[in-house]
Amino acid sequence: MVRRGGESIFGNQAAGNHSKVVLDKLKTFLNDRNSHPVDVKNLRALEAAEKAHKGATDCIGEFKYASNQEMIELIERRTS
């Protein structure tokens, strides 16, 4: 969004750069809390692993993994 005279409402930052700043702050916040943000690349890795998964599971319905931690570990193995 731009104010009259071309000045961004975000001060000297361009409006497009503001979203990057917000996302970077969010990522830092989550990392500081030992969280594991999952992005589209990670979801694709998980989906590929689920499709490749063979055999029975002790999970409910379409879920292939019993815990979030198990899914995070799988994503980390596939994306590293």
Side-chain angles (χ1 to χ4, degrees):
M1 192 177 265
V2 177
R3 291 184 182 171
R4 191 175 338 154
E7 181 183 340
S8 169
I9 64 169
F10 303 113
N12 293 332
Q13 295 177 339
N17 189 39
H18 180 70
S19 53
K20 181 183 180 332
V21 171
V22 171
L23 289 173
D24 288 344
K25 285 182 181 180
L26 178 59
K27 188 174 184 179
T28 299
F29 173 79
L30 292 171
N31 286 334
D32 289 347
R33 294 180 54 111
N34 294 322
S35 295
H36 191 286
V38 175
D39 60 14
V40 173
K41 176 183 168 189
N42 298 145
L43 288 175
R44 288 185 181 142
L46 179 60
E47 183 179 39
E50 287 179 337
K51 286 180 180 179
H53 184 82
K54 304 290 184 219
T57 65
D58 61 349
C59 301
I60 299 171
E62 66 185 45
F63 299 104
K64 303 280 190 285
Y65 304 100
S67 71
N68 289 338
Q69 186 60 38
E70 188 177 358
M71 289 187 281
I72 297 293
E73 290 169 1
L74 183 75
I75 289 169
E76 288 174 346
R77 283 195 305 267
R78 286 195 163 244
T79 57
S80 58

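Index from 1, following the sequence.
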- Cluster check I75, L43: I/L/V/M/F/W/Y, side chain < 4.5 angstrom: yes
- Partners passing side chain to side chain donor-acceptor pair (under 3.5 Å) against D32 (at least two apart in sequence or in another chain): none
- Item | Pairing residues for K27 by the side chain to side chain contact (heavy atoms under 4.5 Å, CB included) criterion, not counting sequence neighbours | N31
- Item | Partners passing side chain to side chain contact (heavy atoms under 4.5 Å, CB included) against V22 (at least two apart in sequence or in another chain) | H18
- Which residue pairs pass the side-chain hydrogen bond (donor to acceptor under 3.5 Å, both in side chains) test with at least one member in residues 69-80, sequence neighbours excluded? H36-E76, Q69-E73
- Message: Using 0.5 Å steps for rounding, measure from the CZ atom of R44 to the CG atom of D39.
- Response: 9.5 Å
- Query: Is there a side-chain contact (heavy atoms from CB on, under 4.5 Å) between I72 and V38 once you walk through the steps?
  - Reply: CA-CA 8 Å; I72 297 293; V38 175; 3.9 Å; yes
- Task: Using the test side chain to side chain contact (heavy atoms under 4.5 Å, CB included), find all partners of S35 that sit at least two apart in sequence or belong to another chain.
- Result: L30, R33
